[in-house]
Amino acid sequence: MRSHYCGQLNETLVDQTVTVCGWVHRRRDHGGVIFLDMRDRDGIAQFVVDPDTAEAFANADRARSEFVLRITGRVRLRPEGTQNANMPTGMIEVLAKDVEVLNTAVTPPFQLDEHGRVGEEVRLKHRYIDLRRPDMIEKLRLRSRISHNVRAYLENQGFLDIETPVLTRATPEGARDYLVPSRTHAGSFFALPQSPQLFKQLLMVAGFDRYYQIAKCFRDEDLRADRQPEFTQIDIEASFVEENDIMGITETMIRQLFKDVLKAELPEFPRMTWQEAMDRFGSDKPDLRIPLELTDVDDLMKQVDFKVFSGPASADDGRVAALKVPGGAKLSRKEIDEYTKFVGIYGAKGLAWIKVNERAKGLEGLQSPIVKFMENIVEELLDRVGAEDGDIIFFGADKARIVNEAIGALRVKLGADLELYTQEWAPLWVVDFPMFEADDNGRLSPLHHPFTAPSCTPEKLKADPAKALSRAYDMVLNGTELGGGSIRIHDQAMQSTVFEILGIGEEEAQEKFGFLLDALQYGAPPHGGLAFGLDRLVMLMVGAKTIREVIAFPKTQSAACLMTNAPGEVSPEQLKDLNIRLRQKVKAEPTAE
């Protein structure tokens with residue numbers, strides 16, 4: 001129906017006849033001459049309709065915003081003084097000969113160039129309108145290029161694109177499963193996969209050697225800016241590999257992707273152990289663009305007569321950490337109070353601080369409500385953190401977990417608020433993760449998943465599981481975890497040992513993972529892999545604030561689709577087929593005052 005897209009029109013087509021199809025972006029009537037800005041997925045172009053083309057003029061006259069038109073006309077240069085250098089098609093216009101109204105449109109719920117004035121709920125309700133915005137089109141176009149680039153790279157490396165089931169069985173992988181009732185097996189349920197983890201391992205047992213998939217995954221968990229109930233993974237697995245092999249393949253892939261799509265040269269990725277990351281940054285996904293680090297001051301704070309500090313400093317699970325912010329003494333008391341409220345989100349009971357106004361004056365040059373408690377150690381403290389005039393030092397004192405989360409998050413917030421970023425892209429590998437983490441009751445759970453291989457023998461693992469390290473690795477970029485992976489357990493004895501440590505008995509293990517345990521008996525090769533969050537990767541590359549901006553039809557933070565009103569009720573007949581009976585909703589009885 002057309003010869004060109006709107007965005008393809010330029011000076012090389014002057015005096016040629018073209019036909020385009022698209023939407024009316026804007027209509028202007030200038031003294032009997034109608035100007036139509038037409039829009040499609042490639043861009044916007046200007047069309048001029050004169051009254052001497054009666055039928056075309058009549059159709060243009062009744063056209064309104066978002067009408068769908070087909071226009072044929074001759075490309076010409078715009079008159080001097082009317083050219084728009086900021087617009088790719090701004091040097092030309094099309095003198096229309098035929099204007100055909102393919103469809104009308106009611107007044108849209110919002111104008112595309114005024115989307116910022118309406119709430120996200122309105123835009124999600126009418127997502128098909130929101131997706132017409134040029135910046136949304138560009139984000140999804142870039143997402144398509146990213147997927148294509150990844151596929152081409154992996155195919156070139158000998159990986160095979162193999163689909164795995166979406167209807168499978170529930171397995172404990174760290175989040176709640178989405179369950180699907182079975183009509184043919186009354187009382188039984190499928191589960192939507194949280195990841196293709198077990199199936200890709202089985203593909204390695206089957207001998208496919210190198211597998212990849214851009215896979216849909218599902219997790220019924222609390223949501224936030226970078227989470228959705230359904231999300232997309234770049235899933236990768238290979239046989240006869242060690243950590244360096246997988247890390248090398250995937251690092252090269254990401255560096256090539258950024259070069260091809262963004263023309264950005266990523267540096268080689270430094271490596272950092274999990275423990276070092278937690279000690280220096282309070283996070284296992286540190287943003288290395290921010291030149292702030294946590295400094296341990298436990299030994300010094302044990303000496304002060306101030307239990308807020310000396311208590312955590314002396315406790316086995318405690319930590320006192322200092323965060324020096326160069327030039328931070330300019331922060332007002334109101335701003336400091338706001339940061340105090342911020343760390344409270346992470347469980348911190350407060351936020352102690354010292355402003356270094358004139359260090360040469362000793363205690364008189366310091367401003368702080370706590371400095372009086374640490375006269376005997378203050379000089380050594382200032383030396384340790386490298387404090388200079390104009391700096392502020394924040395302190396976190398509590399259980400190590402709370403200090404890491406609170407001061408680690410404060411570090412990131414200060415980096416953004418004070419614009420401390422030193423580079424555009426800061427990649428990192430985090431390695432040597434703990435194999436397990438303990439809850440408040442001391443019960444161990446896998447830090448990643450129960451199929452991650454430990455870096456020790458089964459005997460050493462059983463002897464001291466809390467100190468065991470795993471063969472896991474995470475790729476981090478600008479403080480966001482792009483992907484995580486590990487070398488997997490390929491030996492049945494080791495897998496059984498891990499299950500035993502996790503309190504998964506032989507009967508439960510066989511019931512939940514029997515097919516995997518059986519497969520490991522038949523010559524499973526050493527194997528490992530990595531899974532990238534495609535949505536997060538695209539979010540970072542396009543500079544979006546949430547992954548909802550890079551998903552065509554996302555859910556809200558309450559896991560609902562406003563456009564389709566999903567989830568929704570189903571008919572009694574459907575429930576009967578599935579052998580499901582719903583509880584009757586009981587109305588609350590009124591109570592007397």
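These numbers come from the heavy atoms of this one structure, side chains and all, not from hydrogens, waters or symmetry mates.
- The main-chain N or O of A215 is never found under 3.5 Å from a side-chain atom of D235 such that the two would form a donor-acceptor pair.
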| task | Starting from the C-alpha separation in whole Å, work towards a yes-or-no answer on salt bridge (charged side-chain N to carboxylate O under 4.0 Å, His left out) for R133 and E138. | result | CA-CA 9 Å; R133 292 192 287 117; E138 188 54 36; over 6 Å; no

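- A side-chain donor-acceptor contact under 3.5 Å links Y212 and E155.
- The structure places CZ of F269 at 9.0 Å from CG of L428, a figure rounded to the nearest 0.5 Å.
- In this structure, the side chains of T556 and E121 stay at 4.5 Å or more apart for every pair of heavy atoms.
- Geometric assessment of R127 against the ring of F553 yields a negative cation-pi assignment under the 6.0 Å and 45° thresholds.
- Geometric assessment of K216 against the ring of F231 yields a negative cation-pi assignment under the 6.0 Å and 45° thresholds.
- Taking a cutoff of 4.0 Å between a charged side-chain nitrogen and a carboxylate oxygen, E338 and K341 qualify as a salt bridge.
- Residue pairs meeting the ring-ring contact (aromatic ring centres under 6.0 Å, His included) criterion with at least one member in residues 46-91: none, sequence neighbours excluded.
- Counting only N and O atoms by type, the side chains of N10 and T12 include a donor and acceptor under 3.5 Å apart.
- Distance check: R255 CZ to T250 OG1 gives 12.0 Å after rounding to the nearest 0.5 Å.
- A side-chain N or O of Y339 and one of D417 form a donor-acceptor pair less than 3.5 Å apart.
- Side-chain contact between I551 and Q228 is present, with heavy atoms from C-beta onward closer than 4.5 Å.
- Remark: of the listed residues K125, K555, R548, K545, R548 is the sole one forming a salt bridge (Lys or Arg N to Asp or Glu O under 4.0 Å) with E120.
- The shortest distance between side-chain heavy atoms of Q197 and H449 falls below 4.5 Å.
- Checking side-chain atoms of Q574 against main-chain N and O of S571 turns up a donor-acceptor pair under 3.5 Å.
- Distance check, rounded to the nearest 0.5 Å: CD of Q233 to CD of Q213 gives 9.5 Å.
- Closest of all the heavy-atom pairs between E265 and K259 is OE2-CE, 3.4 Å.
- Between the side chain of E335 and the main chain of S332, a donor-acceptor pair closer than 3.5 Å is present.
- Using a 3.5 Å distance cut-off with no hydrogens or angles, the side chains of N149 and D260 do pair a donor with an acceptor.
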| said: Before you tell me yes or no, could you show the steps for D15 and R74 under salt bridge (charged side-chain N to carboxylate O under 4.0 Å, His left out), namely the whole-Å CA-CA distance, both residues' side-chain angles and the distance that decides it to 0.1 Å? | reply: CA-CA 6 Å; D15 289 332; R74 181 175 59 85; 3.3 Å; yes

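- Here L262 contributes atom CG and L257 contributes atom CG; the two are 7.5 Å apart, rounded to the nearest 0.5 Å.
- For the atom pair CG of L140 and CD1 of I146, the computed distance is 10.5 Å after rounding to the nearest 0.5 Å.
- Side chain of R143 to main chain of V550: a donor-acceptor pair is present (N/O by atom type, distance under 3.5 Å, no hydrogens or angles).
- Not a single donor-acceptor pair under 3.5 Å links the side chain of T82 to the backbone N or O of R78.
- You'll find the side chain of Q46 stays beyond 4.5 Å of the side chain of L36, heavy atoms only.
- R2 contributes no side-chain N or O that, together with a main-chain N or O of T19, makes up a donor-acceptor pair within less than 3.5 Å.
- Atoms OH and CG, from Y211 and D161 in turn, are 8.5 Å apart once rounded to the nearest 0.5 Å.
- Taking the charged nitrogens against the carboxylate oxygens, R26 and D113 do have a contact shorter than 4.0 Å, which makes a salt bridge.
- Side-chain atoms of R141 and I137, non-hydrogen and from C-beta on, do get closer than 4.5 Å to each other.
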| task | Check step by step if salt bridge (charged side-chain N to carboxylate O under 4.0 Å, His left out) holds for R176 and E221. | result | CA-CA 6 Å; R176 286 183 296 271; E221 59 186 345; over 6 Å; no

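- Q194 places a side-chain N or O within donor-acceptor distance of the main-chain N or O of A175, the cut-off being under 3.5 Å.
- The list of ring-ring contact (aromatic ring centres under 6.0 Å, His included) pairs with a residue in residues 12-40, not counting sequence neighbours, reads H30-F35.
- Under the 3.5 Å distance criterion, the side-chain polar atoms of R27 are left unmatched by any main-chain donor or acceptor of I34.
- A salt bridge between R28 and D37 is present, with a side-chain N of the basic residue lying under 4.0 Å from a carboxylate O of the acidic one.
- No side-chain donor-acceptor contact under 3.5 Å links E114 to the backbone of Q111.
- No donor-acceptor pair under 3.5 Å is formed between the side chain of D50 and the backbone N or O of D52.
- Between Y473 and W429, the ring planes are perpendicular. Angles over 60° get that label, and only those under 30° would be called parallel.
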